[in-house]
Amino acid sequence: MTIPHDTIITSAHKAFAPALLHWFKDNARPLPWRESYDPYHVWISEIMLQQTQMERGVAYFERWTRELPSPSAVAQANEDDILKLWEGLGYYNRARNLMRAAQIMVDSHDGWVPEDKATLLALPGIGPYTAAAILSIAYEQDEPLVDGNVARVLARVFDLDAPVGETATQKALWALAAELLPAGQARNFNQGLMELGALVCKPRTPVCANCPLAELCEARRLGITEHRPVPGKKVDITPLSIATGVLINKGRIFIQRRHEDDVWGGLWEFPGGGVEEGETPEQAVVREYAEETGFEVVAQNPIRIIKHGYTRFRVTLHCFFLAAVNGLGPPALTAATAHKWATLEELDDHAFPAGHRKLIDALAEDERFHKLLTHSPNTP
DNA sequence: AAACCGTGGTA
DNA sequence: TTACCAAGGTT
């Protein structure tokens with residue numbers, strides 16, 4: 001579908017920007033990066049907030065900027081520390097890209113966040129949205145932007161009847177945003193549009209009574225705000241059965257570091273893998289352990305079953321205590337780049353995927369685990 | 001273009 | 001409980 005945006009913007013929409021700016025002045029949340037609009041802070045916040053809830057993002061932002069107050073600090077940090085700061089946020093490539101981009105800033109851009117679009121877009125992890133957000137919010141340049149919030153607000157105000165995820169619709173949305181943008185006000189206009197989407201023009205229950213754009217809103221006039229934006233096609237959720245195990249030796253626990261280019265790249269984990277057809281979880285964990293480490297193990301007591309989801313998968317994670325059959329030499333790693341024998345306390349220094357972090361939390365409260373740590377056959 | 005990359009909150 | 005959702009980017 002092509003949207004004739006030059007015809008759907010009318011003289012009535014002259015009120016759009018003033019109304020929005022006035023509303024934002026009174027309703028902007030006191031977010032930490034809004035204190036000074038430091039470009040480094042804006043950059044970090046924009047990457048963190050991608051596909052992430054505001055409340056969680058703020059907590060991670062505070063910790064990150066305290067530990068890493070500048071691009072050069074990010075550039076010099078080691079990847080394990082970066083991933084630990086990101087643990088639990090998901091989409092871990094974002095953290096790795098922050099590090100790579102910071103190194104480019106240090107090497108080529110005087111250690112600072114670039115001020116022009118082409119240079120920003122060349123940095124890893126920065127796409128059209130984030131480049132426009134940095135340019136408008138940090139540097140007050142007249143750049144329009146469209147994120148999920150803006151798309152929803154505009155789809156309602158202009159009654160767009162195509163899914164906002166489609167390429168043609170995106171193109172129209174960016175054109176609309178550009179046309180509505182008041183010169184010299186991009187910082188507050190763009191943030192106001194997103195803030196309105198987050199606080200008032202919400203996905204399920206828009207609060208039109210509080211909306212400064214209600215008089216302009218075509219979906220509201222037609223009583224179809226719940227049907228705008230129109231939904232795209234949904235992805236199928238695939239159930240996954242995974243088995244993993246905790247191998248203890250001399251009071252220490254075996255962990256390994258995942259390959260960089262894999263899911264959860266660079267994070268630490270307990271070895272394991274998918275339960276195959278006709279296989280029990282116990283058999284799976286023994287087989288996977290042998291494949292990934294060369295260790296011959298036996299599954300002992302089940303620890304618990306953990307449910308968690310990622311992207312389009314729904315995982316049932318079967319967790320077992322393991323014991324080594326033979327003496328343990330160095331592992332022959334096939335699914336990892338490094339391994340460690342860690343104490344319970346040392347586990348906390350490493351970044352784990354959420355499912356495995358849940359397992360660690362369960363272990364810490366499990367009496368059987370503490371007994372195995374101190375009374376296993378191979379106690380030191 | 002479409003698949004992939006995580007997670008926890010919410011209705 | 002399930003399904004959808006959140007300040008996207010990369011391949």
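Chain A is the first sequence line, chain B the second, and so forth, proteins listed ahead of strands; every chain is numbered from 1. The model shown is predicted, which means the values in this text are computed figures rather than measured ones.
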For A/Arg156 and A/Pro206, work out which heavy atoms get closest and say how close.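 A/Arg156 and A/Pro206 have their closest heavy atoms at NH1-CB, 3.8 Å.
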Measure the acute angle between the ring planes of A/Trp268 and A/His350, then classify it against the limits of 30° and 60° as parallel, tilted or perpendicular.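 Ring orientation, 0 to 90° scale: perpendicular.
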Ring geometry between A/Trp341 and A/Phe254 (parallel below 30°, tilted from 30 to 60°, perpendicular above 60°):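 Taking A/Trp341 first and then A/Phe254, their aromatic rings stand perpendicular (interplane angle over 60°).
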No-hydrogen, no-angle side-chain donor-acceptor test under 3.5 Å, [X] and [Y]:
| X | Y | result |
| --- | --- | --- |
| A/Gln50 | A/Thr130 | yes |
| A/Arg94 | A/Asn97 | no |
| A/Gln191 | A/Tyr37 | yes |
| A/Trp23 | A/Asn210 | no |

Between the protein and nucleotides 9-11 of chain C, list the N/O to N/O atom pairs that are separated by less than 3.5 angstrom.
from	atom 1	to	atom 2	distance (Å)
C/dG9	OP1	A/Gly127	N	2.9
C/dG9	OP1	A/Gly127	O	3.3
C/dG9	OP1	A/Thr130	N	2.9
C/dG9	OP1	A/Thr130	OG1	2.7
C/dG9	OP2	A/Tyr129	N	3.4
C/dT10	OP1	A/Gly125	N	2.7

Rounded to whole angstroms, how far apart are CD on A/Glu195 and P on C/dA6? 14 Å
Pull out every protein N or O sitting under 3.5 Å from an N or O of nucleotides 8-11 of chain B, one pair per line with the distance.
from	atom 1	to	atom 2	distance (Å)
B/dG8	N2	A/Gln53	NE2	3.2
B/dG9	O4'	A/Gln53	OE1	3.2
B/dG9	O4'	A/Gln53	NE2	2.9

If I take atom CD from residue A/Glu87 and atom CG from residue A/Asp348, how far apart are they, to the nearest 0.5 angstrom?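 CG of A/Asp348 is found 8.0 Å from CD of A/Glu87.
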Salt bridge (Lys or Arg N to Asp or Glu O under 4.0 Å) contacts touching residues 192-219 of chain A (sequence neighbours left out):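 The answer is A/Arg29-A/Glu195, A/Arg34-A/Glu195, A/Glu218-A/Arg221.
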What does the list of N/O pairs under 3.5 Å between the protein and nucleotides 3-5 of chain B look like, with a distance for each?
from	atom 1	to	atom 2	distance (Å)
B/dC4	OP2	A/Arg312	NE	2.7

Quote, to the nearest angstrom, the C1' distance that separates C/dT1 from B/dG8. 16 Å
Pick from A/Trp43, A/Tyr40, A/Trp86, A/Trp33: which one makes a ring pair (Phe, Tyr, Trp, His ring centres under 6.0 Å) with A/Trp64?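 Considering A/Trp43, A/Tyr40, A/Trp86, A/Trp33, a ring pair (Phe, Tyr, Trp, His ring centres under 6.0 Å) with A/Trp64 is found only for A/Trp86.
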Salt-bridge present (A/Arg228, A/Asp159; N to O < 4.0 Å):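 Yes.
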Tell me, which of residues 23-40 of chain A have any heavy atom that sits under 4.0 Å from an atom in DNA chain B?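 None - not one residue of the stretch has a heavy atom sitting under 4.0 Å from the strand.
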Listed by chain and number, what are the ring pair (Phe, Tyr, Trp, His ring centres under 6.0 Å) partners of A/His318, not counting sequence neighbours?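 Expected list: none.
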